[in-house]
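Notes to accompany the following structure.
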Amino acid sequence: MPIRRAIYPGTFDPITNGHIDVLERALSIFDEITVVVAVNNQKKPLFTAEERMEMIQEAVAGYSGVKVEILQEGLLAEYAHRKEAVAIIRGLRQFIDFEYEFQIALMNRNLYPEITTVFLMPNEKYTYLASSIIREVSRLGGDISNLVPPCVLSRLKEKHAATAKNQR
């Protein structure tokens, strides 16, 4: 039986427990998943792509069948095709996410019909969770320890301390 590969793309700035929840759900369906750190030049990330990749690698170290890579440029569907993925995993937190994701899924299907987009919802306790909210609450000193992996929590504290030091 062939290996069922999927990719799970996102900016992951930073990865949250909601992302991990979606990954765990995807691992129950696919044999191998590559978490793809996407570089979006329209966004101004807090962490570099390499830092995000390192955090994800640390957060998923206990999972078998998971790889982490960076996609600097190019079409995601083309990347998935090169990796021989049968699916692209997309997490949907709220209904508002669906319209945009649906359009992208249809375009990807147009480009590579053999690749299916699989929409997965995280546990309802994570449906409000977004990386941007995590960054802001963390920056302002709020407790996010139950919302991110421990490695992310420590990296956020380091990043905010360095930023505060540079602003003095």
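These numbers come from a predicted model, not from an experiment.
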Are the side chains of [Y] and [X] in contact, using a 4.5 Å heavy-atom criterion?
X: Ser131; Y: Thr11; value: no
X: Ile29; Y: Leu120; value: yes
X: Val39; Y: Ile70; value: yes
X: Val137; Y: Asp143; value: no
X: His160; Y: Ser138; value: yes
X: Leu46; Y: Arg139; value: no
X: Pro149; Y: Asn17; value: yes

So if you build clusters from Ile, Leu, Val, Met, Phe, Trp, Tyr with side-chain heavy-atom gaps below 4.5 Å, do [X] and [Y] land together?
X: Ile56; Y: Tyr63; value: yes
X: Val37; Y: Leu23; value: yes
X: Phe30; Y: Leu27; value: yes
X: Val66; Y: Tyr79; value: no
X: Met121; Y: Tyr128; value: no

Aromatic rings Phe12 and His19: how do their planes relate, parallel, tilted or perpendicular, breaks at 30° and 60°?
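Plane angle over 60°, so perpendicular.
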Other residues, nucleotides and ligands only: do more than 12 of their heavy atoms fall within 6.0 Å of CD on Glu24?
yes
So does Arg109 have more than 12 non-hydrogen atoms from other groups sitting under 6.0 Å from CZ?
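No, the 6.0 Å shell around CZ holds no more than 12 heavy atoms from other groups.
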With a 3.5 Å distance limit and no angle check, can you tell me whether [X] reaches the backbone of [Y] through a side-chain donor-acceptor pair?
X: Asp31; Y: Arg4; answer: yes
X: Glu51; Y: Thr48; answer: yes
X: Arg135; Y: Asp13; answer: yes
X: Arg90; Y: Pro9; answer: yes
X: Thr116; Y: Ala87; answer: no
X: Thr34; Y: Val36; answer: no

Are Glu32 and Lys67 ion-paired here, with the side-chain N under 4.0 Å from a carboxylate O?
yes
At their closest point, which heavy atom of [X] faces which heavy atom of [Y], and how far apart are they?
X: Cys151; Y: Ala59; result: SG-N, 3.9 Å
X: Tyr8; Y: Gly91; result: CE1-N, 4.5 Å
X: Thr127; Y: Arg93; result: O-CB, 3.2 Å
X: Ala77; Y: Leu111; result: CB-CD1, 4.3 Å
X: Arg52; Y: Ala38; result: NH1-O, 3.4 Å

What distance separates [X] [atom1] from [Y] [atom2], expressed to the nearest 0.5 Å?
X: Lys83; Y: Leu71; atom1: NZ; atom2: CG; answer: 10.0 Å
X: Asn123; Y: Ile20; atom1: CG; atom2: CD1; answer: 14.0 Å
X: Glu158; Y: Leu153; atom1: CD; atom2: CG; answer: 10.0 Å
X: Ile15; Y: Phe47; atom1: CD1; atom2: CZ; answer: 12.0 Å
X: Asn108; Y: Glu101; atom1: CG; atom2: CD; answer: 9.5 Å
X: Leu147; Y: Thr16; atom1: CG; atom2: OG1; answer: 8.0 Å

Verdict with supporting geometry, Lys159 and Arg155, side-chain contact (heavy atoms from CB on, under 4.5 Å):
CA-CA 6 Å; Lys159 185 70 80 170; Arg155 291 278 187 108; over 6 Å; no
Consider side-chain contact (heavy atoms from CB on, under 4.5 Å). Of Val35, Ile88, Val86, Ile115, which one does Ile7 pass it with?
Ile88
What verdict does the side-chain contact (heavy atoms from CB on, under 4.5 Å) test give for His81 and Glu114, after you've listed the backbone C-alpha separation in whole Å, the side-chain angles of each residue and the deciding distance to 0.1 Å?
CA-CA 9 Å; His81 178 73; Glu114 72 278 10; 2.8 Å; yes
Give a yes or no on whether the ring-centroid distance for Phe98 and Phe119 is below 6.0 angstrom.
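Ring-ring flag for Phe98/Phe119: true, centres closer than 6.0 Å.
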